[in-house]
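Each remark here refers to the structure printed beneath this line.
Counting starts at 1 for both ligands and their atoms, in listed order. Since the structure is predicted, the reported quantities are computational estimates derived from the model, not experimental observations. Side chains are part of it too, since the values below use all heavy atoms of this structure and drop only hydrogens, waters and symmetry mates.
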Amino acid sequence: MATRVRPGSKRCAVIGGSGFLGRHLVEKLLDRGYSVSLFDIRQSYELPGVTFHQGDLCDKQALLSALKDVSLVFHCASPAPSSDDRLLFERVNIQGTQTVIQACLDAGVQKLVLTSSASVVFEGTDVKNGKEDLPYAKKPIDYYTQTKIEQEKLVLEACNKPKGFLTVAIRPHGIFGPRDPQLVPTLVDAARRGKMKFIIGDGTNLVDFTYVENVVHGHILAAEHLRADSPICGKPYHITNDEPIRFWDFMSEILVGLGYAAPRFHLPYTLVYGLALLLWLLTWILHPFMSFKPTFTPMRVALAGTYHYYSCERAKEHLGYKPVVSLKEGIARTVASYPHLRRGA
Ligand SMILES: NC(=O)C1=CN([C@@H]2O[C@H](COP(=O)(O)OP(=O)(O)OC[C@H]3O[C@@H](n4cnc5c(N)ncnc54)[C@H](OP(=O)(O)O)[C@@H]3O)[C@@H](O)[C@H]2O)C=CC1
Ligand SMILES: CC(C)CCC[C@@H](C)[C@H]1CC[C@H]2C3=C(CC[C@]12C)[C@@]1(C)CCC(=O)C[C@@H]1CC3
């Protein structure tokens, strides 16, 4: 039987703490007086107040040593969506999350905050002001999303007040900010290869992009509101910037901020989606002989050509959430943080 850690203890663990979101979360937790046990498959930095544990989250024994004396766990580890590796997603996001839950129960952890994704309800067609009561996608757009759905269900169903184990899921969308290895680098790479001249569709589709510090703020609010008498136990919460923006305006602001031209010419959505599907099929057929990663995957085209923005009213009501950094400020800080990706650098 696990010994319960003293409630209110300011020692927490961040699984996936070496990653983009994880590191921002660790830094904010330290500012707020927490000490952090960081668990990740790789080490990317060192900080006073952080104890690093290297391991795979599918390994319960490795997790248990990181969860010693910890009352609160944040689980924000996942393989990158671009890896498109079904077996890896299933192993880490599904079986690995079962292992995380079991390790938390064995170690006497009281609160588990999962980083889920608003994409768990996205099927590649428009979502406008989507609320948390939308059903999970029946046809998720990729393996990443499919396993994020299973992962979220596992964590929310594990919430057990009599056992003193409380869980909550944060669903961010389109996280951006300094040190993001995905959005800005992919965009700049495409621009440098002359692939960012076109707007997919009519360019009016609104989307959420969420500055990383707002996502961190949502996680910490959720952790601090997670008590047996709170309505948030076992529930998912959208966390966004609450400022939907046209997908192509957002991309243009980043590109122009870094010295590249904004996309100007329009291409029909269905044509580009069809071509992306064909390319994906071709790479799948040819993958035993050659490895090739297309920039315009069906998932990226669907995200670039449809509406997908979400309501964060529930987080405002239950968590007192309000974005702490505006979209304009977030874009400015992000652009300033990538001097090495500026045109001509
Ligand atoms: N970025 C976004 O726009 C969004 C992200 N999310 C979710 O937010 C979370 C964080 O994403 P983000 O910071 O962008 O991702 P990162 O890839 O930057 O961070 C994830 C971290 O988890 C590590 N990791 C992967 N597999 C394992 C494993 N088996 N055991 C231990 N650690 C592992 C990664 O290591 P390595 O890099 O070596 O794989 C990495 O350090 C994820 O759960 C993601 O699904 C949700 C919505 C939007
Ligand atoms: C080449 C261009 C058409 C697109 C370049 C930017 C894209 C790399 C990003 C635009 C929207 C982003 C996004 C995600 C990853 C990066 C983008 C596709 C996620 C899939 C990350 C994980 C999630 O949970 C959902 C995100 C939605 C938005």
Side-chain angles (χ1 to χ4, degrees), residues 14-26 38-45 53-59 62-63 66 74-85 88-89 91-93 95-97 99-100 114-120 122 140-142 144-145 147-149 151-152 155 169-177 179-191 193 195-196 198-201 207-212 215-216 218-219 238-240 247-248 250-251 254-255 263 267 272 276 294-306 308-310:
V14 179
I15 304 173
S18 295
F20 163 50
L21 171 64
R23 180 168 175 184
H24 281 276
L25 177 59
V26 168
L38 189 167
F39 185 90
D40 202 294
I41 207 152
R42 63 181 168 99
Q43 180 164 19
S44 60
Y45 61 96
H53 298 261
Q54 185 160 16
D56 186 328
L57 60 83
C58 301
D59 174 353
L63 273 173
F74 296 92
H75 174 11
C76 56
S78 167
S82 57
S83 72
D84 203 30
D85 182 336
L88 179 68
F89 287 131
R91 192 179 73 79
V92 177
N93 288 349
Q95 288 128 36
T97 297
T99 309
V100 168
L114 171 73
T115 314
S116 178
S117 168
S119 291
V120 295
F122 183 65
I141 50 169
D142 56 11
Y144 164 79
T145 314
T147 58
K148 291 297 283 184
I149 295 174
Q151 176 190 54
E152 186 185 281
V155 168
I170 296 300
R171 291 179 177 174
H173 196 55
I175 311 175
F176 74 101
R179 302 193 296 252
D180 164 37
Q182 216 177 177
L183 197 154
V184 176
T186 308
L187 190 61
V188 167
D189 180 59
R193 290 194 286 135
K195 292 182 175 179
M196 288 309 294
F198 300 100
I199 292 171
I200 301 171
V207 167
D208 276 321
F209 286 101
T210 314
Y211 188 65
V212 63
V215 179
V216 164
H219 279 71
H238 292 156
I239 291 293
T240 72
F247 181 94
W248 292 98
F250 180 84
M251 294 300 148
I254 303 266
L255 285 172
L267 285 176
V272 185
T295 308
F296 291 89
T297 61
M299 184 265 271
R300 285 183 186 162
V301 173
L303 289 165
T306 57
H308 40 101
Y309 65 95
Y310 299 85

Given the rule in the side chain to side chain donor-acceptor pair (under 3.5 Å) test, do T186 and D189 qualify, once you have shown the distances and angles that lead to the verdict? CA-CA 5 Å; T186 308; D189 180 59; over 6 Å; no
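At the shortest separation from atom 8 (O) of ligand 1 among protein heavy atoms lies T115 CG2, 3.2 Å. Considering only non-hydrogen protein atoms, atom 36 (P) of ligand 1 sits nearest to R42 NE, 3.3 Å. Protein heavy atom at the shortest distance from atom 25 (C) of ligand 1 is S78 O, 3.6 Å.
At a heavy-atom cutoff of 4.0 Å, ligand 2 is contacted by no atom of K148, backbone or side chain. With a heavy-atom cut-off of 4.0 Å, Y144 touches ligand 1 through its side chain alone. Looking at V92 against ligand 1, only its side chain comes within 4.0 Å, counting heavy atoms. Within the 4.0 Å heavy-atom criterion, the part of S116 lying near ligand 1 is the backbone and not the side chain.
The nearest protein heavy atom to atom 15 (O) of ligand 1 is not closer than 4.0 Å. At a distance under 4.0 Å, a protein heavy atom can be found next to atom 22 (C) of ligand 2. There is no protein heavy atom closer than 4.0 angstrom to atom 17 (C) of ligand 2.
Atoms of ligand 2 found under 4.0 Å from any heavy atom of S117, numbered from 1 in the order shown, are 23 (C), 24 (O), 25 (C).
Using modelled atom types, one finds no donor on one side chain facing an acceptor on the other under 3.5 Å when comparing S117 with K148.
Between L21 and V212, the closest heavy-atom pair is CD1-CG2, 4.0 Å.
Residues forming a side chain to side chain contact (heavy atoms under 4.5 Å, CB included) with L255 (at least two apart in sequence, or on another chain): L187, A191, M196, Y260, P263.
Checked against a 3.5 angstrom limit, the closest N/O atoms of G16 and ligand 1 fall outside it.
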